[in-house]
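Data block below; observations after.
Atoms within each ligand, like the ligands themselves, are counted from 1 in listed order. This chain uses plain numbering: 1 for the first residue, then up along the sequence.
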Amino acid sequence: MRILVIGATGKTGAPLVAALAERKVPVRAAGRRPPAAAVAGVEPVRFDWTDRATWAPALDGVDAMYLVGPYAEDERAVLVRELLTAAPRVRRVVLLSILGVESLPDAIPMAAWEQNVRESGKEWTIIRPNWFHQNFGHGGFTAGLRESGELALPAADAAVGFVDTRDIAEVAARALTEDSYGGSVLTLTGPQALTHRQALDEIGKAAGRPLRYVPLAPEAFAEGMRAANAPGYTVTWQTGLFRLIREGANGIVTETVAEVTGRPARSLRSYAEEFATVWR
Ligand SMILES: NC(=O)c1ccc[n+]([C@@H]2O[C@H](COP(=O)([O-])OP(=O)(O)OC[C@H]3O[C@@H](n4cnc5c(N)ncnc54)[C@H](OP(=O)(O)O)[C@@H]3O)[C@@H](O)[C@H]2O)c1
């Protein structure tokens, strides 16, 4: 079995490639800038959602795929549907979606992607994770947090069951390589729900410096994104995600990581302690 991992350099894709390589499953690691071929069994391949010439070489000889959709591209839903059609040999698909997908604005394409995979005729598993630990230390919040010690977001004081992307990757690796997850929707969270204030307190303790959450009014947040020339759909989608948090939808905690992997989900505290130097 050969598995194509789209988004192989990303927060879930990179640990998934590692988890599959550890299982000695041949992996094709795809991205616009694919990772270097440093690991046995991992074959880097250039893949760009917006360049259809890159699709066939990436899909050649592939039996299963992990799909991180083209969320920042035009024609987002069409591209996913077309890729599924262009992959008749692929019989199993694991889709990275998002927690709360049912209540998000139409500008957020994950509901359409879910429908695309359900209608693809392939064996599918949908993963709906909560917000990632890695946003704090390996993503969009990291540089600002390190520089200013502050994170301003319109999340009020609502809790979020933050989840570690390595746990998402382990669940995805099982769904890709084992036969028990076809037709499953897996909602993944960490072991507890924390507000952003509590999360930054935890990270600050681990880093040995105070880190502060600044609650932002939703309109001020949207205005800041528009001032930074963010595309309209990004503004709609980000404000939609934070509305969901403020409404309490992200405060849930599930046992799915433990049920699937047989070990507890990683906590935010353990993530903060492991990567404490990132915020120093
Ligand atoms: N962050 C969260 O807290 C969170 C929570 C729940 C769900 N999600 C969902 O997870 C997904 C990933 O989000 P993320 O922000 O964390 O990103 P990420 O997975 O860390 O990075 C995006 C990945 O996609 C690849 N990529 C980007 N544009 C591409 C293109 N045109 N063609 C091919 N590959 C492309 C990037 O690699 P190259 O740049 O090398 O192409 C990278 O590997 C999104 O759908 C998001 O909604 C995120």
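- Remark: of the listed residues Val94, Ile3, Leu59, Leu59 is the sole one forming a side-chain contact (heavy atoms from CB on, under 4.5 Å) with Met65.
- With a 4.0 Å heavy-atom cut-off, ligand 1 is reached by the backbone of Thr9 and by its side chain too.
- Only the backbone of Asn130 comes within 4.0 Å of ligand 1, judged by heavy-atom distances.
- Aromatic ring centroids of His138 and Phe275 lie under 6.0 Å apart.
- Environment of CD in Glu150: crowded, with over 12 heavy atoms of neighbouring residues, nucleotides or ligands closer than 6.0 Å.
- Between Gly69 and ligand 1 there is no heavy-atom distance shorter than 4.0 Å.
- Any N or O atom pair closer than 3.5 Å counts here, and Thr12 shares no such pair with ligand 1.
- Linking Ile, Leu, Val, Met, Phe, Trp and Tyr residues whenever their side-chain heavy atoms come within less than 4.5 Å leaves Trp124 and Leu96 in two separate clusters.
- With sequence neighbours left out, Pro57 forms a side-chain contact (heavy atoms from CB on, under 4.5 Å) with no residue at all.
- Close approach of ligand 1 to Asp48 is summarised as follows: ligand atoms under 4.0 Å from at least one heavy atom of the residue are 30 (C), 31 (N), 32 (N), 33 (C).
- Here Ala72 has no heavy atoms under 4.0 Å from ligand 1, in either its backbone or its side chain.
- At least one heavy atom of Met110 sits less than 4.0 Å from an atom of ligand 1.
- Ion pairing between Arg266 and Glu274 fails under the 4.0 Å rule for side-chain N and carboxylate O.
- Side chains of Thr195 and Tyr213 form no contact here, defined as non-hydrogen atoms less than 4.5 Å apart.
- Residue-level proximity to ligand 1 for Gln134 is absent, since no heavy atom of it falls below 4.0 angstrom.
- Note on ligand 1: Pro34 sits outside its first shell, no heavy atom being nearer than 4.0 Å.
- In the candidate list Trp237, Phe132, Trp49, Phe162, Phe132 is nearest to atom 5 (C) of ligand 1, counting heavy atoms.
- By the 4.0 Å N-to-carboxylate-O rule, Glu170 lies too far from Arg263 to be salt-bridged with it.
- In terms of protein heavy-atom proximity, atom 12 (C) of ligand 1 is closest to Val68 CG1, 3.9 Å.
- Taking the six-membered ring where the residue is Trp, the centroids of Phe136 and Trp131 are separated by 6.0 Å or more.
- The protein heavy-atom contact nearest to atom 1 (N) of ligand 1 is Asn135 OD1, 3.0 Å.
- Here the shortest heavy-atom distance to atom 41 (O) of ligand 1, taken over His133, Arg76, Arg32, belongs to Arg32.
- Given atom 33 (C) of ligand 1, the protein heavy atom at minimum distance is Phe47 O, 3.3 Å.
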